Amino acid sequence: MSVQHDPVQRADFDQFMVPNYAPAAFVPVRGQGSRVWDQSGRELIDFAGGIAVNVLGHCHPALVAALTEQANCMWHISNVFTNEPALRLARKLVDATFAERVFFCNSGAEANEAAFKLARRVAHDRFGPDKCEIIAAVNSFHGRTLFTVSVGGQPKYSDGFGPKIQGITHVPFNDLAALKAAISDKTCAVVLEPVQGEGGVLPAEQAYLEGARKLCDEHHALLIFDEVQCGMGRTGELFAYMHYGVTPDILSSAKSLGGGFPIGAMLTTAELAKHLAVGTHGTTYGGNPLACAVGEAVLDTINTPAVLAGVKRKHEQFASRLRAIGAKYGLFSEVRGLGLLIGAVLSDAWKGKAKTVLDAAAAEGVLVLQASPDVVRFAPSLVVDEVDINEGLDRFERAVAHLTQA
Ligand SMILES: *Cc1c(COP(=O)(O)O)cnc(C)c1O
């Protein structure tokens, strides 16, 4: 049955692909649970989770079943029609959250693009064209389209592409006074990641999100939570806003929502959703039956007390072991994060060297991530088992030992 493919190597990347990435020297070919194998047959433990995407590891049977069943039924039909998987997933997301309406798209950037356009549209309809300003946090990340890099708080992603989207202000994260000083009646939305992911796995403080909610209400601005990375079970609650008990007006989801199949979603209330009337916004693939069938299986599998409680338990396992490793080798100054989104902050001696740690870990057979050059990030499968956690952290410790004793 299996097709004979032409052989390819890592070197082909440099020959045929746009050089906007710098992929590892090896090429993963297969994954099962929290383990992956490369072209040479070497096995690695995966604590990177495809950058917080593979929420149920690789080739989870429930996701494989949902995808194959849908693949044999219908792949695409366009938004000229609706389809059953999209309707089922939308209903389940509404049942499980504050939201009353769902817009599907294909990525986190698209979910945020829809969120920002909705916020501007609502303000335009209700208050006129002057209320169009968006406040975001320094070091935030919201995607790579021009609107989302303009809103994101990292000049390294937004500079050098000509004029940015106007009307965006950046304030320091977790600084309520700065937000209060920046917000005005021209503000249409404040957008925050409840846990800043790319910026270094930095959770919001409780009082900050509560204060942001209050300031938004006082200024008729919408509160947008970007839960592309921290949502879908990652914090041990289905969405991070539930952890804080602070409800946004608009929430963006992607990454883990598809467990590895591309999908994004913007969740909001019925009252706000009606501002995106027929024809105001759209996407060819949004709500694609394959993506929604997988998303439904992801949601069904992770939104259970057992899986979510497991996330909190596993956090302790990771965090305590990482703290011990950090103390023993002088590598980390702090281990932070929520659930299975964990950041180990490098100590002064190792500042800027996250990539070095990541490469050393891969050489020992464990995949981890960085979040900024100063933080080693862990975003494993939510159903990673004890054996894989212990074996992966053993490998990680061996890598750290080599690195620090070299
Ligand atoms: C990854 C990420 C995005 C962008 O998602 P894409 O699917 O890459 O477009 C947006 N926001 C946050 C918080 C993310 O972590």
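Nothing fancy with the numbering, it's 1 onward along the sequence. The structure displayed is predicted, hence computed values, not measured ones. All ligand and atom numbering here is 1-based and tracks the order in the structure.
The side chain to side chain donor-acceptor pair (under 3.5 Å) check on Lys92 picks up Glu296, Asp300, with sequence neighbours excluded.
Between the side chains of Tyr329 and Glu397, a donor-acceptor pair is found at a separation under 3.5 Å. Using modelled atom types, one finds no donor on one side chain facing an acceptor on the other under 3.5 Å when comparing Ser381 with Asn54.
Between the side chain of Asp12 and the backbone N or O of Gln9 there is at least one donor-acceptor pair closer than 3.5 Å.
Ligand 1 lies under 4.0 Å from heavy atoms of Ser107, Gly108, Ala109, Asn112, Phe141, His142, Gly143, Glu193, Asp226, Val228, Gln229, Lys255.
Taking the ring centre of Tyr157 as origin, the terminal cationic atom of Arg144 falls inside the region bounded by 6.0 Å and 45° from the ring axis.
Here the two rings, on Phe396 and Phe47, have centers that are 6.0 Å apart or farther.
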